[in-house]
**Student:** 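Questions regarding the structure given below will be posed in turn.
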Amino acid sequence: MALLTLDQVSVAYDNQTILKDFSLELEKGKLLSLLGPSGCGKTTTLRLIAGFLEAKQGKFLFGGKDYTRVPVNKRNFGFVFQSYALFPHLSVYDNVAFGLRMRKVKDRDVSERVMRMLEVVNLNGFEKRFPQELSGGQRQRVAIARALVIEPDLLLFDEPLSNLDANLRVNMRVEIRRIQQELGITTLYVSHDQEECFSISDQVAIMNKGIVEQLDRPETIFKYPATEFVARFIGFHNFIEFDERSDAGDAISLKVGGRLFTATANPGTVRPGARKGAIRPDDLIVSGDTGQEAANALPGMIKVSTYLGRSYQYVVETELGDFTANQEMETPYFSGQRVNLIFPQDKLVLVE
Amino acid sequence: MREKHFGLGLFSLLVFIFLLGPLLIISVTSFEPGTVLKFPPEGFSLRWYENIFKTGGFIRTFQISIIVSLLGNLLALILGIPAAYALSRYDFKGKSLLNAIFLSPVLIPGIVLGFTLMKYLIVVYQLPMYLGLLIGHTIIMLPFIIRVIASSLSSFDFAVEEAALSLGAGRVRTFFQVVLPNIRSGILAAVLIAFLESFNNVDISVFMTGPGVSTLPIQMLTYVENYFDPTIAAISVLLMVLTGLLMFFIERIMGGLTYFTKR
Amino acid sequence: MKKSAVYWLLLPGFVFLAAFMVIPIVLTIGSTFVQENAFTLDGYLHFFKDPYFLKILLTTLQVSVVTTLVCVVLGFPTAYYISRKAPRRKGILLALAIFPLLTSPVVRSFSWMIILGRKGLINNALVGLGLIDQPLDILYTPAAMMIGLTHLFLPLMIISLVGVLENIDQDLLKAAQSLGASRFTAFRRVVFPLAVPGLVIGAVLVFVGSLTAYTTPALLGGKQRVIATFLYQNAMTLNDWYLASVIAAIMIAITFIVVGVMNRMAKTLNPKG
């Protein structure tokens with residue numbers, strides 16, 4: 001049974017519905033990310049669970065109990081803010097100790113637990129400093145320590161890394177994953193950064209306009225996006241609308257304008273009738289050999305060629321529209337050159 | 001999070017009633033037809049508004065107030081704009097001391113300033129009363145002029161000034177044709193805020209009255225000491241209308257009233 | 001631009017202030033230490049020994065302290081309420097608080113004469129309701145001065161506090177609540193300490209303002225003197241310029257001491273440094 005259940009909740013503010021009949025489940029000890037563009041409802045979901053917002057309808061169950069009306073300060077959830085929200089008038093030590101003091105923990109135990117937690121986030125020796133004397137990464141660690149020291153039943157992250165520079169972001173996300181696994185703490189993580197979510201999550205929920213488009217392991221989503229929205233969000237730029245589809249076991253045959261394509265069936269993420277093909281620019285092969293008329297091939301002409309550093313990017317004009325393909329090569333194709341686009345069977349996936 | 005603060009809201013409402021209620025009461029009583037101030041008034045009449053124009057030299061002192069505030073404003077601008085520019089544009093030796101001196105008139109108790117001005121300007125330096133009044137008002141306006149213009153300059157991109165210089169404009173010309181037009185609204189706001197400060201002033205003016213010289217607030221003070229009829233209430237209403245108008249312009253020009261909450 | 005040119009920009013204003021403000025004040029203070037061409041502290045010794053003078057000073061301090069405290073008590077909740085409103089409504093409420101501030105102090109003090117007088121609004125209401133037989137003497141008492149000064153300076157307190165309160169990140173409150181603090185505890189442990197600098201600035205403005213106010217005590221205090229009205233009386237009515245100068249020097253000294261002490265306090269109370 002899931003530790004956390006959102007059951008058909010609706011949230012609206014200023015007469016604008018953000019979430020409608022929204023449901024979500026999370027198992028104990030797992031890290032689930034909510035990923036999506038701004039305005040998709042991911043932060044609202046997080047704030048609802050934290051208790052900063054109240055649902056208009058629906059239920060929020062936690063550990064089998066109804067938490068829908070439990071006030072924020074009685075929930076025992078740790079929240080890590082995008083802005084860190086460290087108390088500027090308190091030292092690092094007092095910031096981390098704040099939650100323990102609210103719980104009337106004895107001073108000796110407070111000191112022991114604060115110091116232990118500062119060790120976990122590699123900040124021993126910083127307890128007398130004030131927030132404004134710390135770097136962004138250090139502040140982030142204090143914020144995490146402050147949320148963790150109360151031994152929360154659930155840890156909530158709201159875009160915790162978006163104020164850090166790129167290198168630090170990578171280090172910190174490894175750190176967050178390490179701490180989360182070390183303590184085995186159930187975590188909900190919100191971000192708009194795809195790589196960040198995929199790298200640290202057990203599961204990712206991709207959200208759009210207040211609904212979950214796909215919830216799965218990161219590896220599955222990466223390979224088999226369920227919908228066109230998910231596919232676009234994770235880097236599929238090329239889409240083909242097929243006219244006909246026929247399934248023969250694992251192999252799927254597709255037809256458009258007299259051309260034949262084959263694609264691999266994906267493991268149950270998409271409903272059987274889907275006829276929209278998607279492929280990443282990196283997976284599309286541009287061949288100079290225009291002789292043959294084979295399956296999974298589409299003749300076209302180079303429209304634009306740009307240099308990306310490791311590879312060249314081509315926009316290829318075809319009878320089915322423009323396609324984008326990235327390819328590593330010594331001498332690039334020139335604009336106007338006739339080429340063949342090859343769609344490898346295992347890379348062409350079907351989405352809704 | 002939509003939080004409800006009924007208690008807090010009610011408390012604030014009472015505070016606002018305390019702040020604005022008296023002003024409302026004074027407005028209502030100004031329409032009293034009888035000769036004694038009453039609340040609520042016993043009818044509706046504009047006779048005390050007419051009385052403003054008939055008695056007590058209110059019009060004459062109003063004119064003096066306006067002239068002193070405007071001339072003082074002009075003088076404060078002439079002295080204050082270069083100072084505000086220097087203080088916000090450049091770093092130099094003694095800057096913080098000079099800054100403190102230019103803003104110090106707000107720190108000196110007004111009544112003390114008025115007394116020393118009377119003692120030295122009028123008695124020792126033997127300046128005419130009018131000039132003393134003008135100088136006193138210029139002094140109290142200077143800090144407001146400098147503060148508002150400096151804050152306007154602090155958001156001005158001085159690279160624009162450098163661009164003008166690189167295009168061949170001279171220092172002075174650049175200042176007048178590039179810098180000044182860009183802080184126009186700051187100057188206008190400074191003028192209005194300083195005007196209110198000077199126009200409402202009592203502490204300086206009370207020492208600078210003599211034969212034929214007085215300002216409107218002093219005239220009102222003197223009148224209240226002798227009469228308790230609704231004339232002052234009527235003047236108060238007109239002054240509040242003026243204040244409201246100026247405040248509206250300040251809000252428009254500065255795009256808000258945040259100047260007042262910044263310290 | 002040459003370095004020295006900066007000073008040319010500041011020179012006119014500096015000369016003006018030096019000639020008409022700094023020198024007169026310095027000379028006024030200096031003159032209090034000289035009598036019959038000899039250095040003396042007699043003026044001050046006399047002042048601080050005279051029970052009548054001391055009573056005036058004490059009344060002034062009492063009125064100022066009470067006014068400041070009342071302004072804090074009334075101003076803080078109101079400022080907090082204003083600071084939490086959405087921008088539009090906040091702008092309107094701020095404008096309503098600033099309007100009295102820009103209105104003539106003569107008008108504002110006069111309005112309290114209508115309310116507090118023997119035939120004023122309050123007395124009429126109380127007599128009308130049969131709660132009292134004889135009208136109360138409120139006008140021309142220290143209480144009337146306190147009410148008038150609170151009315152005069154409360155807006156200053158409110159806007160100083162709104163200035164700091166609106167800059168407190170709302171996430172800090174949420175963070176405190178998520179760590180187990182009730183709304184009241186979050187306010188007490190997070191919002192209040194962060195608002196202390198604004199509170200100190202507001203308190204200085206109100207206290208110094210009350211201490212040196214002239215118009216309100218002149219209109220509402222009647223025969224009850226405070227140092228500002230006492231200075232005026234000596235300078236203009238009694239023509240005792242020496243005593244007036246001593247009072248002026250004392251007022252400047254008190255102002256500078258209060259501002260200095262409160263500045264220090266603001267620094268030590270603000271651990272951010």
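Throughout, protein chains are lettered first and strands after them, A, B, ... in sequence-line order, and every chain is numbered starting at 1.
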**Student:** Can the ring centres of C/Phe76 and C/Phe192 be said to be less than 6.0 Å apart?
**Tutor:** yes

**Student:** Between A/Leu123 and A/Gln138, does a side-chain contact (heavy atoms from CB on, under 4.5 Å) hold up when you go through it step by step?
**Tutor:** CA-CA 8 Å; A/Leu123 273 181; A/Gln138 289 167 338; 4.1 Å; yes

**Student:** What part of A/Leu86 gets closer than 4.5 Å to chain C, counting heavy atoms only: side chain, backbone, both or neither?
**Tutor:** backbone

**Student:** Non-hydrogen atoms of chain C under 4.5 Å away: do they reach the side chain of A/Arg101, the backbone, both or neither?
**Tutor:** side chain

**Student:** With a 4.5 angstrom heavy-atom cut-off, could you sort out which part of C/Ala176 is near chain A: side chain, backbone, both or neither?
**Tutor:** both

**Student:** State whether A/Phe98 and A/Arg146 meet the cation-pi test: NZ (Lys) or CZ (Arg) under 6.0 Å from the six-membered ring centroid, and within 45° of the perpendicular axis.
**Tutor:** no

**Student:** Drop me the distance from A/Thr5's OG1 to A/Phe62's CZ, to the nearest 0.5 angstrom.
**Tutor:** 10.0 Å

**Student:** What part of C/Ser182 lies closer than 4.5 angstrom to a heavy atom of chain A: side chain, backbone, both or neither?
**Tutor:** both

**Student:** Would you check if the distance from the ring center of A/Tyr93 to the ring center of A/Phe126 is below 6.0 Å?
**Tutor:** no

**Student:** Less than 4.5 Å to any heavy atom of chain C: does that hold for the side chain of A/Arg75, its backbone, both, or neither?
**Tutor:** neither

**Student:** Find the one option among A/Phe77, A/Phe79, A/Tyr84, A/Phe87 whose heavy-atom pairs under 4.5 Å with chain C are most numerous.
**Tutor:** A/Phe87

